[in-house]
2 protein chains.
Amino acid sequence: MTKYEKEIYDIISHSYSHLTAEQIYEILKKKFPNVVLATVYNNLNKLYKNDFIRKLSIEGMPDRYDRTERHDHIVCRDCGKLSDIKFEDLTDSIKRQFKNDFLSYDLKVFYICPECKKKRGME
Amino acid sequence: MTKYEKEIYDIISHSYSHLTAEQIYEILKKKFPNVVLATVYNNLNKLYKNDFIRKLSIEGMPDRYDRTERHDHIVCRDCGKLSDIKFEDLTDSIKRQFKNDFLSYDLKVFYICPECKKKRGME
DNA sequence: ACCTTTTTTAGAATGTTTCTAAAATTATTA
DNA sequence: TAATAATTTTAGAAACATTCTAAAAAAGGT
């Protein structure tokens, strides 16, 4: 792992906030003021390809990067707010159906977060 | 529902191929040569907000639109190819955990499709 | 030290999606 | 039905995220 790859990996694996490339870049700049956004993307892609990090695509927002430790997500359908949840582990069940022939899975539960419920006027 | 909203809804609900906005636009143009891509986006957003269609965000590809009928997806981690699968229904299970307070969920299973396996040289 | 490979940089380019303001259409009301 | 209001569509610009390209810098190997 190169310097930046390691740094970016550390940022993601110690964060619980599903950072965007831009946010990672901002964090990295504090320590390495000369680093460039393309470097962040390069290393994110490399880390993702090698399964060191997860990549989350939420409809209508930039991609977010996450630690690989098994957990699921709940997403507000109105504002896109993303939080961690831990739902039952489906690995074995999926393995059974696909005869081990899968890498990972991604479960997203959609809801309306309390703030957006207020906005919508549905208490 | 307006004319285009209805047309777009029909295209999506009769298709099993997870169309992009661009693809829907191309289909629509055959019947309405003057329609414009922004109209497609407007109506897709409206349909999505009102829960008439699903929206699928796959890492590194344009959003895709899908019928709401319950089913899941399997995605090739290398090329992004998307196919329908039907995994056990998790609705009740999630309902139990979230006390009915959720709208829907989205399960994506990642794998390497046969073509990409060949490319990678892993038969 | 020299050559090779990999990584980073800088900035342009690409692709998707949203935005804006005007025009067209549809619905409402008098 | 004419007048007005509200909604939808258009056209094109703009925004935003991400990738690409070529050169420079850094790291690795002999």
Side-chain angles (χ1 to χ4, degrees), chain A residues 1-12 15 17-50 52-66 75-82, chain B residues 1-12 15 17-50 52-66 75-82:
Chain A
M1 272 203 190
T2 68
K3 181 177 71 169
Y4 288 130
E5 199 180 351
K6 178 105 190 55
E7 289 285 339
I8 290 170
Y9 174 72
D10 284 348
I11 290 169
I12 293 167
S15 159
S17 53
H18 322 100
L19 302 164
T20 62
E22 187 67 40
Q23 291 171 323
I24 292 164
Y25 170 59
E26 292 303 330
I27 294 170
L28 208 56
K29 262 209 301 204
K30 287 180 192 152
K31 203 164 166 188
F32 306 93
N34 300 319
V35 77
V36 135
L37 187 55
T39 300
V40 175
Y41 276 106
N42 285 344
N43 284 296
L44 286 172
N45 287 336
K46 209 172 145 202
L47 286 164
Y48 175 63
K49 258 192 203 133
N50 296 320
F52 286 112
I53 58 174
R54 274 167 88 176
K55 190 175 187 171
L56 305 176
S57 299
I58 312 298
E59 19 290 295
M61 350 203 69
D63 287 345
R64 289 159 181 281
Y65 297 88
D66 201 359
V75 185
C76 176
R77 210 171 180 291
D78 276 12
C79 70
K81 194 173 76 141
L82 187 63
Chain B
M1 273 204 190
T2 67
K3 179 177 72 168
Y4 288 130
E5 199 181 352
K6 178 105 189 54
E7 289 285 340
I8 290 169
Y9 175 72
D10 284 347
I11 290 169
I12 293 167
S15 158
S17 53
H18 322 101
L19 301 164
T20 63
E22 185 68 40
Q23 291 172 324
I24 293 164
Y25 170 60
E26 292 303 330
I27 293 170
L28 207 55
K29 262 208 303 203
K30 288 181 192 152
K31 202 164 167 187
F32 305 94
N34 300 318
V35 76
V36 134
L37 187 54
T39 299
V40 175
Y41 276 106
N42 285 344
N43 285 297
L44 285 172
N45 287 337
K46 209 173 147 203
L47 287 164
Y48 175 63
K49 260 193 201 131
N50 296 320
F52 286 112
I53 57 173
R54 276 165 88 176
K55 190 175 185 172
L56 305 176
S57 299
I58 312 298
E59 21 288 294
M61 350 202 69
D63 287 346
R64 287 158 182 282
Y65 298 88
D66 202 358
V75 186
C76 176
R77 210 172 179 291
D78 276 12
C79 71
K81 194 174 75 142
L82 186 63

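Chain identifiers are assigned alphabetically (A, B, ...) following the order of the sequence lines, protein sequences preceding nucleic acid strands; residue numbering begins at 1 within each chain. Note: hydrogens, waters and symmetry copies are ignored here, and every other heavy atom, side chains too, is used.
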Taking all heavy atoms of [X] and all of [Y], pick out the closest pair and write down the distance.
{"X": "B/T20", "Y": "B/P62", "value": "CG2-CG, 4.0 Å"}
{"X": "A/M61", "Y": "A/C79", "value": "CE-O, 4.0 Å"}
{"X": "A/Y41", "Y": "A/A21", "value": "CZ-CB, 3.5 Å"}
{"X": "A/I27", "Y": "A/I11", "value": "CG2-CD1, 3.7 Å"}
{"X": "B/R64", "Y": "B/H18", "value": "NH1-O, 2.8 Å"}

Could you state the atom-to-atom distance from [atom1] of [X] to [atom2] of [N] in whole Å?
{"X": "A/I24", "N": "D/dA17", "atom1": "CD1", "atom2": "P", "value": "13 Å"}
{"X": "B/E26", "N": "C/dT16", "atom1": "CD", "atom2": "C1'", "value": "15 Å"}
{"X": "A/E7", "N": "C/dT7", "atom1": "CD", "atom2": "C1'", "value": "15 Å"}
{"X": "A/K49", "N": "D/dT18", "atom1": "NZ", "atom2": "C1'", "value": "13 Å"}
{"X": "B/E59", "N": "D/dT18", "atom1": "CD", "atom2": "P", "value": "11 Å"}
{"X": "B/F32", "N": "D/dT10", "atom1": "CZ", "atom2": "P", "value": "10 Å"}
{"X": "A/K6", "N": "C/dT6", "atom1": "NZ", "atom2": "P", "value": "22 Å"}
{"X": "B/N43", "N": "D/dT7", "atom1": "CG", "atom2": "C1'", "value": "11 Å"}

> At what angle, to 10 degrees, do the two end axes of the helix from C/dA1-D/dT30 to C/dA30-D/dT1 meet, given five pairs define each axis?
Replying inline: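 Between the first-five-pair axis and the last-five-pair axis there is 30°.
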[Y] and [X], any side-chain heavy atoms less than 4.5 Å apart:
{"X": "B/L47", "Y": "B/M1", "answer": "yes"}
{"X": "A/I8", "Y": "A/T39", "answer": "no"}
{"X": "A/R77", "Y": "B/Y48", "answer": "yes"}

> Along nucleotides 17-28 of chain C, 5' to 3', which nucleotides get a B, which get an S, and which get a -, given that the test is a protein heavy-atom distance under 4.0 Å?
Replying inline: BBB---------
> What is the distance from atom OH of B/Y25 to atom CG of B/L19, rounded to the nearest 0.5 Å?
Replying inline: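 Between atom OH of B/Y25 and atom CG of B/L19 there are 15.5 Å.
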> Between A/T2 and C/dT8, does any side-chain N or O lie under 4.0 Å from OP1 or OP2?
Replying inline: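 So the side chain of A/T2 is within the cut-off, an N or O lying under 4.0 Å from OP1 or OP2 of C/dT8.
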>> For D/dT8 and B/K46 - does any side-chain N or O of the residue sit under 4.0 Å from the phosphate oxygens OP1/OP2?
In response: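 Yes, such a contact exists.
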>> Mind checking if A/T39 touches a base, just sugar-phosphate, or nothing, with heavy atoms under 4.0 Å?
In response: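 Base contact.
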